S.K.: 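Handing you this structure, nothing more for now.
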2 protein chains.
Amino acid sequence: MSVTYKHPRPALAVDCVVFGLDEEDLKVLLIRRGVEPFAGRWALPGGFVHEDETLDEAARRELREEAGIEKVYLEQLYTFGAVDRDPRERVVSVTYYALVKLSEHAVRAATDAREAAWFAIDDLPRLAFDHEEIVDKAIARLRGKVRYAPIGFELLPKKFTLTQLQRVYEKVLGQELDKRNFRKKVAATGLLIELDEVEQDVAHRAARLYTFDEKTYRKLEKEGFLFEI
Amino acid sequence: MSVTYKHPRPALAVDCVVFGLDEEDLKVLLIRRGVEPFAGRWALPGGFVHEDETLDEAARRELREEAGIEKVYLEQLYTFGAVDRDPRERVVSVTYYALVKLSEHAVRAATDAREAAWFAIDDLPRLAFDHEEIVDKAIARLRGKVRYAPIGFELLPKKFTLTQLQRVYEKVLGQELDKRNFRKKVAATGLLIELDEVEQDVAHRAARLYTFDEKTYRKLEKEGFLFEI
DNA sequence: TTGACGTGGTGTCGGTTCGACACTAAGGTT
DNA sequence: AACCTTAGTGTCGAACCGACACCACGTCAA
């Protein structure tokens, strides 16, 4: 089966920059390409948009198929349309970025016999196509967004300590923050719920666990709120 | 001449939300559609992406062809990909927003025998396709961006008074600002150059003219600056 | 010419927020 | 019991913020 059009059309793809945070670093998920062009190179998970799915659906499908990732924070980033960004034929790519809780998503490593791996954002290999540019844009967006929207929580497990939360901000922003000032600020947002639990199995004083107050957040969001870290 | 592909592909279009500011309001440029679907309805200027042009180029070409607008601030907004957003066939639209100096762009009203007109953003007619959603997104983006990037200047002539600049911010943000505080803030940015000129032909004391200091701005931008109104 | 009108242009002050900064508490390990 | 590691907490000065009112200057009409 094939389709004929009066004028040529670019192919339409989606590509996703998936961020995760582990003990050391902010990382991006990459897939090693098996076929030309750029066979053997690392690339962003992605693929062509199907006829009957929206762009968001295509992005989620690719995340599921290529990395076994589901139910994550996902937001459209930018659409890349340079004429020769794919050497085969013209492909326009609508890109997304996703935030995953690494602790809960052990990311199926090799679907379709494909190799997948996490790379620290300041130690990336050379990427296929214009994917380096896409990652740069995603990092810039994440840095901007984290300042005025509470998306840092998306990188942490449901229950987290304040020190973990501070580390998220430090890794994303690439700068150290003052512990006391940080705690003052997050307390001032009123968006954290203090739990009656502490972390387990640590070789030092255990820290109190908190959780993000989504209900209050949604309420504030509707009223045209503010939020700053 | 026609083209055949193995799989169906959505058509790819660009649409532009063009903002301009006149004495009264922040306005959006619309074009009246001559053909079905939505014949007679107002719509955003836009059209299909050609094979050999980037998305940005397509947006600029459509602005030129449909409204005679050139050399404006143009930035990609979002890509809309709902499956049935065009009743004829699937069309994915990469949208842009543009800021024009209404004073200098008298916008050729009717190219291609098409009718074009400016509408105040809180008095828009019903629009074709999902263009209302696109305009909403553009307004939200403009409101966000104007706070931390000096794009207000793009809506004014090269030389402007501080009162005019304040009006830009008031119209874009939809709220009144304090004159003295506003002047303190813009002075503090160091991005305005005070000219040895005053406005002409006004029936009251003439205001001093200023211009935006692009060189200093570009320098600050590279150093990772800050800016807030 | 003078007075009225309309917009331009300017400074202070109290409240809030900001960042810098250091010690004790708790729990586990040896 | 001593020690090691991380948790948790408050103050103070500086900068910033928003609220607020009056005189200056130019035009126009009487």
Side-chain angles (χ1 to χ4, degrees), chain A residues 21-24 103 146-148 152 156-157 159-171 173-211 220 224-229, chain B residues 21-24 103 146-148 152 156-157 159-171 173-211 220 224-229:
Chain A
L21 189 80
D22 68 7
E23 305 310 314
E24 292 94 39
S103 51
V146 85
R147 297 193 151 277
Y148 63 88
L156 289 176
K159 300 173 182 184
F160 50 84
T161 69
L162 294 181
T163 301
Q164 285 176 314
L165 184 61
Q166 183 174 343
R167 275 181 25 76
V168 171
Y169 281 89
E170 288 177 340
K171 291 297 175 184
L173 297 175
Q175 64 180 256
E176 305 222 318
L177 301 172
D178 178 85
K179 181 161 68 161
R180 281 177 287 190
N181 293 338
F182 180 81
R183 284 167 186 237
K184 258 187 286 177
K185 276 196 191 172
V186 297
T189 66
L191 292 174
L192 289 193
I193 298 172
E194 184 174 333
L195 301 175
D196 277 333
E197 284 179 72
V198 293
E199 58 181 343
Q200 302 296 322
D201 303 317
V202 286
H204 52 80
R205 174 173 174 183
R208 164 143 281 151
L209 291 173
Y210 290 78
T211 191
L220 291 175
F225 67 130
L226 233 118
F227 173 93
E228 287 265 345
I229 291 291
Chain B
L21 190 80
D22 68 7
E23 305 310 314
E24 292 95 38
S103 51
V146 86
R147 296 192 152 277
Y148 63 89
L156 289 175
K159 299 173 182 184
F160 50 84
T161 69
L162 294 181
T163 301
Q164 285 176 315
L165 184 62
Q166 184 175 345
R167 275 182 22 76
V168 171
Y169 281 89
E170 288 177 341
K171 291 297 176 185
L173 297 176
Q175 64 179 262
E176 305 222 319
L177 302 173
D178 178 85
K179 181 160 68 159
R180 281 177 287 192
N181 293 338
F182 180 80
R183 285 168 186 237
K184 258 186 287 178
K185 275 196 192 173
V186 298
T189 66
L191 293 174
L192 289 193
I193 299 172
E194 184 175 334
L195 301 175
D196 277 333
E197 285 179 73
V198 294
E199 57 181 344
Q200 302 296 323
D201 303 317
V202 287
H204 52 78
R205 175 174 173 184
R208 163 144 277 144
L209 291 173
Y210 289 79
T211 191
L220 291 175
F225 67 132
L226 233 121
F227 174 93
E228 288 265 346
I229 291 291

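In this text, all values refer to a predicted model and were calculated from it rather than measured experimentally.
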S.K.: Ignoring hydrogens and angles, are the base of C:dG8 and the side chain of B:Arg205 linked by a donor-acceptor pair under 3.5 Å?
M.R.: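 Check passes, donor-acceptor contact within cut-off.
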S.K.: Taking CD from B:Glu194 and C1' from C:dG9, how many angstroms apart are they, rounded to a whole number?
M.R.: 11 Å
S.K.: Find out whether B:Gln166 and B:Val186 are in side-chain contact, i.e. whether some heavy atom of one side chain is under 4.5 Å from a heavy atom of the other.
M.R.: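 No, too far: nothing below the 4.5 Å cut-off.
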S.K.: Would you state whether a donor and an acceptor, one from the side chain of A:Lys184 and one from the base of C:dT16, lie under 3.5 Å apart?
M.R.: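 No pair found.
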S.K.: Nearest whole angstrom, please: distance from the P of C:dG19 to the CD of A:Gln166.
M.R.: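 A:Gln166 atom CD is separated from C:dG19 atom P by 13 Å.
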S.K.: For D:dA7, does OP1 or OP2 lie under 4.0 Å from any side-chain N or O of A:Thr163?
M.R.: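 Indeed, a polar side-chain atom of A:Thr163 lies that close.
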S.K.: Which pair of non-hydrogen atoms, one from B:Phe182 and one from B:Leu162, has the smallest distance, and what is that distance?
M.R.: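 Taking B:Phe182 first and B:Leu162 second, the nearest heavy atoms are CE2-O, 3.9 Å.
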S.K.: With the side chain of B:Lys185 defined as its heavy atoms from C-beta on, choose the nearest nucleotide among D:dG18, D:dC20, D:dT6.
M.R.: D:dG18
S.K.: Measuring from the side chain of A:Arg183 (C-beta onward, heavy atoms only), which nucleotide among C:dT29, D:dG18, D:dG8 has the closest atom?
M.R.: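 Nearest to the side-chain atoms of A:Arg183, counting from C-beta on, is D:dG8.
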S.K.: Is the CD atom of B:Gln175 crowded by more than 12 outside heavy atoms at less than 6.0 Å?
M.R.: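 It does: B:Gln175 CD has more than 12 such atoms within range.
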S.K.: Suppose we call a contact any N or O donor and acceptor under 3.5 Å apart; does that hold for the side chain of A:Arg180 and the base of C:dA22?
M.R.: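 Such a pair exists between side chain and base.
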S.K.: Could you check how far CG of A:Asp178 sits from C1' of D:dC12, rounded to whole Å?
M.R.: 14 Å
